Amino acid sequence: MTTDTPALLGQVSLKGVSRHYGTFVAVDDVSMDIAPGEFISFLGPSGSGKTTTLMMVAGFEIPDRGAITLDGKDITRLPAHRRELGIIFQNYALFPHMTVAENVAYPLRMRRAGRSAIAERVARMLDLVQLAPFADRYPSQLSGGQQQRVAIARALVFDPPVLLLDEPLGALDKKLRQHLQEEIRFLHRRMGKTMIYVTHDQDEALAMSDRIAVMSAGRVHQLAAPEEIYRHPTDRFVASFMGESNFIRVTRADGGFRNAQGQPVPVAAGADTAGDPVVFVRPENIRIEPPEGAGGPGRLDGRIEDLTYVGDSSMLSVGIGSERLSVKVLNRSGSTAWQIGDRCRVFWDPDDALLLPDG
Ligand code: ATP
């Protein structure tokens, strides 16, 4: 990896951080260690505490419990402007009366950098975000995506060890968003900055992050790499927030697990849950076949109750007793053309199923 900053700066730690508004708990005992150069996303539904947590790192909010450190230094109560962090908000917040170059130069002027150093650094940043030809334009003469690239250049120009991004692509259409996601990832690889990224978009978090903190009601439910979050969610909330999920109610019997019909449900050993758990399995991991021949343990007989065609794949709703399972099938040429009412049999690799607490 090529980096502009040789020293490994940008280690951020939150220890038992909470923020209340009156009796309402917006952020509830959040702890995490973010490594220098790591790209970490705060992901969760609206109101889950993502922005409040980010604003406490930024210094615009003060925790009422816990501590935040930057490279080992306690910054919990340090004013925002003394933290030297780069910040990008959803609504660009560019200065409308300044050109693109002047906007990008602003943080350096505030820090009383020399003229030639400013010119050289601004030119480099504008090159990086591919806006050199737009240096003399005003923000109103730019598209939303271009404005956000100016904001990115301005946030990075003074070489902060950490960049905080609060839904920076939220106002852009899907195509532009994907394009800018790639640009931000490129900048991340190129500059090696720690990036903390707030989003409520699962795909965005999965595509961009080294690790994702999945939040709900002020708490971090899981903090792990994208694949781990998707494949091994720690609870029902994370499982269902991160994609299509099936949860099968099971009871313990004979050292295994059985569904409401008493059939064995395949699952590798999972979480040690109190009470009766659920078996979690993603629709794309369920295999489906015609019900011919003898079944066998772990194969469940069902009936297609609904079918949604989505082009390259179809989502089948398979009724098994009183339960319904979502099953994703790829529409390859020659694959079975399932119809509503068809009898079928479903099964999956026990390693693709996970035991989760029911609740
Ligand atoms: P969104 O995706 O909608 O921005 P979020 O996950 O970023 O949501 P926060 O903005 O951190 O959520 O808000 C967390 C909770 O704290 C919300 O329920 C919000 O209403 C509440 N909250 C935030 N700021 C204040 C405030 N100044 N006074 C009272 N409640 C607040």
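All of these numbers come straight from a predicted model, not from anything done at the bench. Both counts, for ligands and for their atoms, begin at 1 and track the order of listing. Numbering starts at 1 and runs along the sequence shown.
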So which heavy atom in the protein is nearest [atom], and how far is it from that ligand atom?
atom                    : result
atom 2 (O) of ligand 1  : Lys50 NZ, 2.8 Å
atom 3 (O) of ligand 1  : Ser46 OG, 2.6 Å
atom 9 (P) of ligand 1  : Thr52 OG1, 3.5 Å
atom 22 (N) of ligand 1 : Tyr21 CE1, 3.4 Å

Check your understanding: atom 16 (O) of ligand 1: protein heavy atom closer than 4.0 Å?
Key -> yes
Review point. Given the protein's heavy atoms, is any one of them under 4.0 Å from atom 19 (C) of ligand 1?
Key: no
**Study point:** Residues Thr99 and Arg137: side-chain donor-acceptor under 3.5 angstrom
**Key:** no
Check your understanding: Under 3.5 Å, N or O to N or O, is Thr53 touching ligand 1 that way?
Key -> no
**Study point:** Gly170, Ser216, Ala217, Gly47: member with heavy atom nearest to atom 14 (C) of ligand 1
**Key:** Gly47
Hey, are [X] and [Y] close enough for a salt bridge, meaning a charged N less than 4.0 Å from a carboxylate O?
X      : Y      : value
Asp201 : Arg177 : yes
Arg19  : Asp64  : yes
Arg249 : Glu323 : no
Glu244 : Lys328 : no

Give the numbers and elements of all ligand 1 atoms closer than 4.0 Å to a heavy atom of [X].
X     : answer
Thr51 : 4 (O), 5 (P), 7 (O), 10 (O), 11 (O)
Phe24 : 15 (C), 16 (O), 18 (O), 21 (C)
Ala26 : 15 (C), 16 (O)

Exercise for review: Assess Pro45 for proximity to ligand 1: is some non-hydrogen atom of it under 4.0 Å away?
Suggested key: yes
Check your understanding: Is ligand 1 less than 4.0 angstrom away from at least one heavy atom of Gly44?
Key -> no
Review point. Once you round to the nearest 0.5 Å, how far does NE2 of His188 lie from CG of Asp210?
Key: 5.5 Å
Point to revise | Atom pair CD/OH of Glu204 and Tyr197 - distance to nearest 0.5 Å | key: 3.5 Å
Practice item. Kindly work out whether a path of hydrophobic side-chain contacts (I/L/V/M/F/W/Y, heavy atoms less than 4.5 Å apart) joins Ile212 to Val17. Key: no
Practice item. Just let me know how His200 lines up against ligand 1, side chain, backbone, both or neither, with a heavy-atom cut-off below 4.0 Å. Key: neither
Practice item. Give me the ring orientation class for Phe237 and His221: parallel if the planes are under 30° apart, tilted from 30 to 60°, perpendicular past 60°. Key: tilted
